[in-house]
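Okay, structure first, notes after.
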Amino acid sequence: MTRISQSELSRNITNDILRNHVEFERAGQQMSSGYKVQLPGDADTGGQISDFRSAIQRLDAYQTQIAPLSGALAFQESIIQQSTDILTRAKEIGTQGANGTLGPEARESLSREVFQLRDQLVALANSTYQGRFIYSGAASNTPPFSATTYATPSTGPESQRFVFTTQPGATIRNSVTVSDSQSIVANTPGNQVFSNSIIALERLGRALSGYSTNPATGTPDGTGAAYNQPAQYPDQTRDIQNAITLLNSAANDDLLPERTDIGARISRLETTMTMLRAAKAGAEDSLSNLQNADSVTAATALQQAQFALQASLQVSAKVLNMSILDYL
Amino acid sequence: MTNFAAKILNNSVSALSAQQAVIATTANNIANVNTEGYSRREVQLQTRVTRGSQGVLDVGNGVEVGRVRQITDTFLERLMRDASSDEGYSTVRNEFLDRLQRSFGLTDTDSTIGSTMTNFFGSLNALSADPSNLNLRTNVLARADDLVQSIQNTFSQIADLQTEADQRIASEIADVNSITERIAILNGLISSREAGSGSVAGDERDQRNVLLQQLSSKLNISTIDQADGSITISLPNGLALVNGSTSNDLYVTTSPSFGGATLPPSLDGRVLSYVVYDYSGGAGTAEVDLSQQITGGSIGGLLAIRGTTATSNTSPFQANGALVEAAARVESLSRYLLTTFNSNYVGNGTVRTGDLNGTTSQPFDFFTFTGATDVNTNGLADAADLAASGNGNFSSILTLGIRDPRRIAGSFDTSGGPPAAAVYASGDNRNIRALAGLQSTSVTFSSGSFSLSGTPQQLYSELVSKVGNDKARAQLDQTVAANSLKAALNRRDQVSGVSLDEEFTNLIKFQKAYQAAARMIKVGQDLLDQILQVL
């Protein structure tokens, strides 16, 4: 026969009440905090939870990264669009100027507009985004294009020759990491995008205003001196036509590919953003499954724990009150 | 002729006195119903035997108290002591691991190494989009500072736990010495009281059992019952703690006689103490290490969690134990920052890297540690630096080398390399990108005997898993040990504990017997009165 002693009875009852209290407290905490796992020892999924948390933090950081980057790329796209428009307008003027019926004076007046267009293009190439020059590569504190002079003439817009900066790092393309596996080039050095266009505009302007051009690079149009009119009128016409060819090749070989490239990068960014959102949603879902208390389950558990605690309290009151003394 | 009337009186008187003895024992049982370790007593009654033949008219000689029996089961007592030992061990382990896991919380609000590290790499990535932006640069330094702080805090929390365990061992050993001393005294009392008398020194035995249980909740001991009633207590290696009425003290020392001049440092740079037995009686000249012998009870638990280390070791990470294992992982991250990160920061020897001021970066520009850095000028944080620092770890002295956001070396040299003077473009993000990319680069993390190949985040989640699994296992062990201790106590109480119901039932039984015996005296008196009246 098993003997139940007083100390065993009270030990068992105290134990049961305490255990039920702990369960009740735990269920209540899950309910109030919303977490079923708060500390690594609460489940064997601590490492996974930490991984998911880190992944979500990282995906968030990438997403924050993408917004300014796609802003910058959209801005670059509009710059290239405007530059293409400038070259198209310059071609129209050039074609008009190449007409053999136009006298040197009429051509010179056309050159004013071409130099205006040139200045606009230089201004576009020297654009800044958030205070930094877009087309200076890593030398983003220096404007990519600045004016030096042609030998002849020494004044006026014809004398201005815009050259790409020689600052170290100006030809560096910066890439930005936008996801664990992808990075996007954020800039193109200005010499690759604008140098040919600017030179073409300068040659067109000079030819129209009556000067041959001897550029830093490329085939010279004579010696850079003024045309001897009327003897060199055909040379002037030839140089205007050459400049139009240069404009065409600058638009087709430099601006068009750059525009296509930026468009591709913008669409890659969008794809990446969609992928990041999906990845984040997936990670949040998994994290929630691992860590968050399901409110229905938690509420049920709390209810059960409460019942168990109440029952053990009632039972102990009954059992402990039972004594032979009451019957003697 | 036999005088039956006198017989009636005699027998009844013997019954009165015997029932009184039983009732007194019941009273004692009831009085001790809540006394820890009390084993209930039972009076064994026996028929009284007288000398000489009573012939055919032997009606018996009444009753007498045989002996007072103490209801105990030495097997159950032993079982209870073993369970106590397990419970003491697992409780202290569970407590420390619970406190350890709090440094690695998993909720949004916890600022852990994991979250500060991800934020740090995130800030580098953000800076790569706009490398000369001073706000982003300041942010990188702030996040790096957070990371350093969280590494330092986590490491010092672990080190504090180790120190606390170490200090608790000393106070527990003091308790052990006081308990063994009292057991030795009780041993003496029991053997002198029981010697030759055949009686049982029940109260002393009860007290000794309580002390034995207390002792085994602190240490794993083995006991041998001696013929004279005393009990011999020895440690697992056979060393006697109590032998008869003499007890041997244990000592806790940080300069054991078996160690050299320099002992391995603890995580916080002190020395872990050694639990020793001193053959020179406290003079400290002939000590034996017991630190690795004590594997049970709360002291065993404290030693296991704190870690034990051979005196010939030199690094705090050569000790064993869950705290040291966790600390080694944190330390491996500090070493990663000081070596892998730093050498990438200065361009890995393939390219020079520089800051917004045009200054070429040097090893220990970014992450560094207080004290003399790079004593052997190899550009690496290594054992030589650690030795020179006088600190056993880098984690507690890790700090940031630069505070000026312009000083972050984000650019690669564009000069084409030495001998040309280095040139750095302010908008160059290549170094920043390379550094941000380290978060997904697998390297080998190591410190002490710990080694793991993976990314920094993988290292951290391995650490979290390890701490979590240790804690979960300790919790399970603790629950099992507590349950088996409860079961052992219950089984002991089923045999030795006092049941009030039983005592009261007995009380009624003996009270009735007493009343009946008293009535018998009345009957005897009546018989004698009858005779007297006739006369």
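So you know, we letter chains A, B, ... as the sequences are listed, proteins then strands, and number each from 1.
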* **Segment of L463(B) engaging chain A (4.5 angstrom heavy-atom cut-off)** => neither

* To do: Pick one of side chain, backbone, both or neither for N15(A), based on which atoms fall under 4.5 Å of a heavy atom in chain B.
  => side chain

* To do: List the steps and the verdict of side chain to side chain contact (heavy atoms under 4.5 Å, CB included) for Q439(B) and R58(A).
  => CA-CA 10 Å; Q439(B) 82 173 313; R58(A) 219 170 47 238; 3.2 Å; yes

* **4.5 Å side-chain heavy-atom contact, L39(A) and L106(B)** => no

* Asked: Heavy-atom distance under 4.5 Å to chain A: side chain of N133(B), backbone, both or neither?
  -> both

* Winner by heavy-atom pair count (cut-off under 4.5 Å) against chain A, out of V495(B), N34(B), L489(B), V467(B) -> L489(B)

* Interface moiety of E36(B) toward chain A, non-hydrogen atoms closer than 4.5 Å -> neither

* Structure fact -> Ranked by heavy-atom pairs below 4.5 Å to chain A, first place among D130(B), L97(B), I432(B), D98(B) goes to D130(B)

* Contact origin within F133(A) toward chain B - heavy atom pairs under 4.5 Å -> neither

* To do: Would you mind telling me which of R102(B), Q475(B), E462(B) has the largest number of heavy-atom pairs within less than 4.5 Å of chain A?
  => R102(B)

* Crowded around R265(A) CZ? As in, over 12 foreign heavy atoms under 6.0 Å? -> yes

* Asked: Using a cut-off of under 4.5 Å for heavy-atom pairs, which of G114(B), S115(B), G122(B) has the most such pairs with chain A?
  -> S115(B)

* Structure fact -> Applying a strict 4.5 Å limit to non-hydrogen atoms, the region of Q494(B) in contact with chain A is both

* Mind checking the CZ-OG spacing from F121(B) to S54(A)? Nearest 0.5 Å is all I need. => 10.0 Å

* To do: Mind listing the closest non-hydrogen atom pair of A139(A) and A425(B) along with its distance?
  => N-CB, 4.2 Å

* Asked: Relative to chain A, which segment of A436(B) carries a heavy atom at a distance below 4.5 Å: side chain, backbone, both, or neither?
  -> neither

* Residue R11(A) versus chain B: region with a heavy atom under 4.5 Å -> side chain

* Structure fact -> From the list N12(A), I184(A), D60(A), T45(A), the residue making the most non-hydrogen contacts under 4.5 Å with chain B is N12(A)

* Asked: Any sub-3.5 Å donor-acceptor pair from Q38(A)'s side-chain atoms to T107(B)'s backbone N or O?
  -> no

* Asked: Does the side chain of L500(B) reach to within under 4.5 Å of the side chain of I324(A), using non-hydrogen atoms?
  -> no

* Check: S415(B) and P168(A) side chains under 4.5 Å, non-hydrogen atoms -> no

* To do: Select one option (side chain, backbone, both, neither) describing which atoms of E503(B) are under 4.5 Å from chain A's heavy atoms.
  => neither

* Contact origin within T414(B) toward chain A - heavy atom pairs under 4.5 Å -> side chain

* So which pairs with a foot in residues 426-435 of chain B pass side-chain hydrogen bond (donor to acceptor under 3.5 Å, both in side chains), sequence neighbours left out? -> N141(A)-S426(B), T177(A)-R433(B), S183(A)-R433(B), D428(B)-R430(B)

* Short question: side chain of R3(A), backbone of G497(B) - any donor-acceptor pair under 3.5 Å? -> yes

* To do: Let me know if R132(A) has heavy atoms under 4.5 Å from chain B in its side chain, its backbone, both or neither.
  => side chain

* Expected output: side-chain Q57(A) to main-chain T118(B) donor-acceptor under 3.5 Å -> no

* Output yes when a side-chain donor or acceptor of Q457(B) lies under 3.5 Å from a complementary backbone atom of S50(A), and no otherwise. => yes

* Distance in Å, S128(B) OG paired with N174(A) CG, rounded so as to fall on 0.5 Å steps -> 8.0 Å

* Could you tell me whether the side chain of K471(B) reaches within less than 4.5 Å of the side chain of D42(A), counting heavy atoms only? => no

* For the residue pair G47(A) and S461(B), what are the closest heavy atoms and their distance? -> O-CB, 3.3 Å

* Structure fact -> Comparing T112(B), N469(B), N119(B) against chain A, the one with the most heavy-atom pairs below 4.5 Å turns out to be N119(B)

* Quick one: pull up OG in S440(B) and CG in D180(A) and give me the separation to the nearest 0.5 Å. => 6.0 Å

* chain B: which of S10(A), G46(A), A61(A) shares the most heavy-atom pairs with it under 4.5 Å? -> G46(A)

* Please flag which part of T64(A) lies under 4.5 Å from any non-hydrogen atom of chain B: side chain, backbone, both or neither. => neither

* Side chains of F504(B) and L325(A): closer than 4.5 Å at any heavy-atom pair? -> yes

* Distance-only, no hydrogens or angles: does the Q65(A) side chain make a donor-acceptor pair with backbone N or O of A129(B) under 3.5 Å? -> no

* Looking at S175(A), G169(A), P68(A), which has the largest count of heavy-atom pairs under 4.5 Å with chain B? -> S175(A)

* Tell me, for V423(B) versus chain A, whether the close heavy atoms (under 4.5 Å) come from the side chain, the backbone, both or neither. => side chain

* Given S7(A) and D493(B), is the side chain to side chain donor-acceptor pair (under 3.5 Å) satisfied, shown in steps? -> CA-CA 7 Å; S7(A) 49; D493(B) 281 348; 2.9 Å; yes

* May I ask you to name which of G437(B), A126(B), S123(B), A474(B) has the most heavy-atom pairs under 4.5 Å with chain A? => A126(B)

* Asked: Any side-chain heavy atom of Q6(A) within less than 4.5 Å of one from V33(B)?
  -> yes

* So which part of R473(B) gets closer than 4.5 Å to some heavy atom of chain A, the side chain, the backbone, both or neither? -> neither

